[in-house]
**Q** 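Got a structure for you, written out below as structure tokens; questions coming shortly.
Model, not experiment: these values are computed from the prediction.
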Amino acid sequence: MQWQRRLMALLIACCPFAEVGAAPASALAFMRLAVVTEQGDTLVDEAVPADGRWCIKWQHSVEHFTVLDCYRNVAGVMQLERSHQPDFAAGLGHIFGRGEQLSDGEGGYWINAINEPVANNRYVLRVGSPAVNHRVVWPGGEHAPVSLSEHAAGQRVTIQLIDPHASPRE
């Protein structure tokens, strides 16, 4: 973890040089995804470039199938981009006018183009049991998956997209 912090500090130090001549919005393109427990323990702290994507993957507690809620860094704004649901089980389903529902070809469906900004770039999740196995996954494979349930089952965590140039708690 120490080498990751050093790498992050180096990237932050070099970031202003990469932005020379760029539009102001691009200054927010490089962000960090952080998942922090109520006790202040950091479970995830990873760089997310502009248009970078990550998903919260979990097992439905009743039907026991995998659900994906996928997010994207859009010019420094966390957006819920899409969701994959294998069934119309309890608590799931498509809401008319919120994205476009498409078959996944395997009996489930994707809800694409949701593109809803997450208020204040953060939300609180009550992490499920190991059977639910809430985890952060990276569709491009750029980071290893992190099981939130392994570290914080039954606890509240804050999932947030953070501007690395901002002061803490901003």
**Q** Name the one of Val127, Leu148, Val146 that satisfies side chain to side chain contact (heavy atoms under 4.5 Å, CB included) with Val35?
**A**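 Going through Val127, Leu148, Val146 one by one, the side chain to side chain contact (heavy atoms under 4.5 Å, CB included) with Val35 is satisfied by Leu148 alone.
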**Q** Identify the heavy atoms of Asn73 and Gly76 that sit nearest to each other, and give their distance.
**A**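 Looking at all heavy atoms of both residues, the closest pair is OD1-N, 2.8 Å.
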**Q** Between Ile56 and Val136, is any pair of side-chain heavy atoms under 4.5 Å apart?
**A**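 With C-beta onward as the side chain, the pair touches.
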**Q** If I take atom CD from residue Gln39 and atom CZ from residue Arg156, how far apart are they, to the nearest 0.5 angstrom?
**A**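 Going from the CD atom of Gln39 to the CZ atom of Arg156 covers 11.0 Å.
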**Q** Return the minimal non-hydrogen interatomic distance between Pro145 and Val137, and the atom names on each side.
**A** CB-CG1, 3.9 Å
**Q** Can you find a pair of side-chain heavy atoms, one from Met31 and one from Asn121, that are under 4.5 Å apart?
**A** yes
**Q** Within the side chain of Thr42, is there an N or O that forms a donor-acceptor pair under 3.5 Å with the backbone of Val36?
**A**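 A pair under 3.5 Å: no.
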**Q** Could you walk me through whether Gln160 and Val118 pass side-chain contact (heavy atoms from CB on, under 4.5 Å), step by step?
**A** CA-CA 9 Å; Gln160 54 194 334; Val118 174; over 6 Å; no
**Q** Does any part of the side chain of Tyr109, heavy atoms only, come nearer than 4.5 Å to the side chain of Asp104, both counted from C-beta?
**A**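 The answer is no, as the side chains (C-beta and beyond) never meet within the 4.5 Å cut-off.
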**Q** Return the CD1 to CG distance between Ile162 and Asp45, rounded to the nearest 0.5 Å.
**A**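 That separation rounds to 7.0 Å.
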**Q** What closest approach, in Å, do Phe30 and Pro164 show between heavy atoms, and which atom pair accounts for it?
**A** O-CD, 3.2 Å
**Q** Looking at every non-hydrogen atom in both residues, tell me the closest pair between Pro117 and Val77 and how far apart they are.
**A** CB-CG1, 3.9 Å
**Q** In Å, rounded to the nearest 0.5 Å, how long is the span from NE2 of His151 to NE2 of His134?
**A**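 Answer for the NE2-NE2 pair, His151 versus His134, is 15.0 Å.
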**Q** Looking only at heavy atoms, which two atoms of Ser149 and Ser129 are closest? And how far apart?
**A**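 Closest heavy-atom pair between Ser149 and Ser129: OG-O, 3.3 Å.
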**Q** Of all heavy-atom pairs between Glu150 and Ser147, which one has the smallest distance, and what is that distance?
**A** N-OG, 3.1 Å
**Q** At what distance, to the nearest 0.5 angstrom, does CD of Glu46 lie from CZ of Arg32?
**A**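 Taking CD in Glu46 and CZ in Arg32, the distance rounds to 10.5 Å.
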**Q** Heavy atoms, side chains only, cut-off 4.5 Å: are Arg135 and Gln59 in contact?
**A**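 In contact.
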**Q** Parallel, tilted or perpendicular: which fits the ring planes of Trp54 and Trp138, with parallel below 30° and perpendicular above 60°?
**A** tilted
**Q** What about Phe65 and Trp58, same hydrophobic cluster or not, with Ile/Leu/Val/Met/Phe/Trp/Tyr joined at side-chain heavy-atom distances under 4.5 Å?
**A**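 Phe65 clusters together with Trp58.
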**Q** Side chain of Glu116, backbone of Ile114: donor and acceptor closer than 3.5 Å?
**A** no
**Q** Please examine the side chains of Arg122 and Ile159, heavy atoms only from C-beta on, and report whether any two atoms are closer than 4.5 Å.
**A** no
**Q** Quick check on the hydrophobic clustering: are Tyr123 and Val157 connected, directly or via other members, by side-chain heavy-atom contacts under 4.5 Å?
**A**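 Yes, because Tyr123 and Val157 connect within a single hydrophobic cluster, where side-chain heavy atoms sit under 4.5 Å apart.
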**Q** Could you tell me if the side chain of Val67 sits less than 4.5 Å from the side chain of Lys57, heavy atoms only?
**A** no
**Q** Calculate, to the nearest 0.5 Å, the distance between atoms CD1 and CG belonging to Ile111 and Leu80 respectively.
**A** 9.0 Å
**Q** Could you give the distance from CE (Met78) to CG (Leu33), rounded to the nearest 0.5 Å?
**A**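 With rounding to 0.5 Å, CE (Met78) is 6.0 Å from CG (Leu33).
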